[in-house]
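Reviewing the structure listed below.
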Amino acid sequence: MEKLIYNALFLSVAGMSLAGCASKKNTREDKRPNIIFIMTDDHTTQAISCYGGNLVQTPNLDRLAHEGIRMDRCYATNALSGPSRACILTGKMSHINGFTDNASRFNSDQPTFISLLHKAGYQTGIVGKWHLISEPKGFDYWSILTGQEEQGDYYDPDFNENGKHIVEKGYVTDIITDKAIKYIDGVDKNKPFCLMFHHKAPHRNWMPAPRHLGLFNNTVFPEPATLFDDYKGRGRASKEQDMSIEHTFTDDWDLKLLTRDEMLRDTTNRLYKVYKRMPEEVQDKWDEVYAPRIKEYRSGKLTGSNLVSWKYQQYMRDYLATAMSVDESVGRLMKHLESIGELDNTIIVYTSDQGFFLGEHGWFDKRFMYEETRMPLLIRYPRSITAGSESKALCMNIDFAPTFLDYAGVKIPEDMQERSLRSILDNGGKLPDDWRECTYYHYYEYPAEHSVKRQYGIRTDRYKLIHFYNDIDEWELYDLAEDPEEMNNVYDDASYAEVRKMMHGLLEKAQKEYADTDPDEKVNVLFKGDRRVMDRTNKK
Ligand code: SGN
Ligand code: CA
């Protein structure tokens, strides 16, 4: 009931603002839309209220959904930052674009939707996280995060701005938003622009903006039903990962259980390295906010499952407070576009490089092909997208490049591996008759941090088939209608024999279609400097 009232109120406010800006015509001669591609890092649908998440309210993202379309089944084809970004730019899967894991280096000489838009007369810019190591190409302007292996810092972050190193004072989400707004204000108003607007938040180790420090300290968040998963119904991949709240979460980096004095005694501590970037008054607030947490932890009362529950609460407090800044950023951006009359001339996309586990299966992080790693995808463009649409169409991040080119009227290159989503977006989310039967996934970063084994697979409307290869050789099959939390692997269940056969057929077809010709290839992990290269000379 409460939710209904909230939605009704919200809709009326959103409706008013829509009516208010509907009169703003595109006065440019060149009528092609601007494109603003907002991508956060590790922001997941469970933490966004328009996706039905029960953790927090995200009014600005909800506004995007109410005034645009909410896509419910969009998947990264390789749920990790660098790989997802490379897939998005090129419209090609990792084995084709060459960026298979976070230790790769992007070959930025290959065509991207950005370089194609640029050639077609678009102004192009990127602000925030890039994470592809090589310098961006095809952009007129870039200001990208550097430091901490290109993850950037939450406070006083370093940037590479068109090749020059600079340090900006303040909180990362706000700085990136300022840069985005400045870029929009600085473009030639006679030509369309495409801006990639990429946040660091809410990536690990989840450091909130000063104004959000302690925001949720009195909130108790609902626990996911699978927080205490014992992985019984599944194989070694789930059992042998290293991304659990119970075992992997660290006291210092993740839980922030160090006082200032303790940090000063060991200034090599990783938490201290990011703490010392904060101005003194923020450090004071930080100390105040984390002191009760440290005290509670050291009281010695927390053990076993109580300790896991407690850690989960601290995780949610930090993650969700950090994510508040991105919801506010989206609000600021929309208001600004409205004020300069560009809101309706602009396709605004909101997504995240991948989803994230918020305690489901006892985990944080991503990488697995399970449902929690799906991407949020909200798109607002009132000139052709009906407000309040929703869609269950199976989408992938490699669909983005052809979609943007389609809206910009630029020819989609033959070798992009997928097609535009435009016919779905402009048609109230309805599926065309010949839409795909499944999405394809292939994850490579193993052995590596979090120990998630290599895997590939497909997801259809109802089923999911996964093969964990390299190190182990195990298959998993899920019936998502019967088992949406993916607790029961039915691969060896005789009653699913037909489904299993059907899924293997589809998988083979997908691998052929996407030219993943040797998916079980076992590659040696080699390093050139600190960059990983795939050694294919000595496989298996
Ligand atoms: C860092 C994090 C990992 C995370 C990767 C990749 N460790 O290495 O937890 O999985 O980034 O994330 S941390 O100790 O540095 O916080 S990604 O989103 O960039 O792919
Ligand atoms: Ca990420």
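FYI, side chains are in, hydrogens and waters are out, and symmetry mates aren't considered; it's all heavy atoms of this structure. Note that ligands are numbered from 1 as they come in the structure, with each ligand's atoms numbered from 1 the same way.
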Which residue and atom name correspond to the protein heavy atom nearest [atom], and how close is it?
atom                    : answer
atom 16 (O) of ligand 1 : Trp253 NE1, 2.9 Å
atom 12 (O) of ligand 1 : Lys366 NZ, 2.8 Å
atom 8 (O) of ligand 1  : Glu449 OE1, 2.7 Å
atom 11 (O) of ligand 1 : Gln151 NE2, 3.0 Å
atom 4 (C) of ligand 1  : Asp365 OD1, 3.5 Å
atom 6 (C) of ligand 1  : Asn102 ND2, 3.5 Å

Decide whether the shortest distance between a heavy atom of Asn205 and an atom of ligand 1 is less than 4.0 Å.
->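 No, Asn205 has no heavy atoms under 4.0 Å from ligand 1.
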contact_flag Lys129 ligand 1 heavy-atom lt 4.0 Å |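 Contact present.
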How about Tyr275 and Asp287: does a side-chain donor come under 3.5 Å of a side-chain acceptor?
->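 Yes, Asp287 and Tyr275 have a side-chain donor paired with an acceptor closer than 3.5 Å.
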Between Thr146 and Asp158, does any side-chain donor sit less than 3.5 Å from a side-chain acceptor?
->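 Thr146 vs Asp158: no donor-acceptor pair found between side chains.
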Per-atom contacts of ligand 1 with [X], taking only distances under 4.0 Å to non-hydrogen atoms:
X      : value
Leu80  : 20 (O)
Gln354 : 18 (O)
His131 : 19 (O)
Asp353 : 18 (O)
Asp41  : 18 (O)

Salt bridge (Lys or Arg N to Asp or Glu O under 4.0 Å) partner of Glu371, chosen from Lys464, Lys366, Arg73 =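 In the set Lys464, Lys366, Arg73, the residue that makes a salt bridge (Lys or Arg N to Asp or Glu O under 4.0 Å) with Glu371 is Lys464.
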Quick one: sort the [X] and [Y] rings into parallel, tilted or perpendicular, breaks at 30° and 60°.
X      : Y      : value
Phe357 : Tyr370 : perpendicular
Phe249 : Trp206 : parallel
Trp130 : Phe106 : perpendicular
Tyr319 : Phe356 : parallel
Tyr441 : Tyr443 : parallel
Trp363 : His361 : tilted

Heavy-atom nearest option to atom 5 (C) of ligand 1, drawn from Glu445, His450, Arg367, Lys200 |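 Of the listed residues, Arg367 has the closest heavy atom.
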Kindly confirm or rule out an N or O of Arg270 lying under 3.5 angstrom from an N or O of ligand 1.
->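 Yes: some nitrogen or oxygen of Arg270 is under 3.5 Å from one in ligand 1.
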Just wondering, more than 12 heavy atoms not from Lys164 lying within 6.0 Å of its NZ?
->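 It does not: Lys164 NZ has 12 such atoms or fewer within range.
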If you draw a sphere of radius 3.0 Å around the Ca ion (ligand 2), how many protein N/O/S atoms end up strictly inside it?
->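 For the Ca ion (ligand 2), protein nitrogen, oxygen or sulfur atoms under 3.0 Å: 5.
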Taking the six-membered ring where the residue is Trp, are the ring centres of Phe216 and Phe221 under 6.0 Å apart?
->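 Ring-ring flag for Phe216/Phe221: true, centres closer than 6.0 Å.
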Under 6.0 Å between ring centres, would you say that holds for Phe364 and His450?
->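 Yes, the ring centres sit under 6.0 Å apart.
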Go through Glu360 and Gln46 one step at a time and tell me if the side-chain hydrogen bond (donor to acceptor under 3.5 Å, both in side chains) criterion holds.
-> CA-CA 10 Å; Glu360 299 86 0; Gln46 307 93 291; 3.0 Å; yes
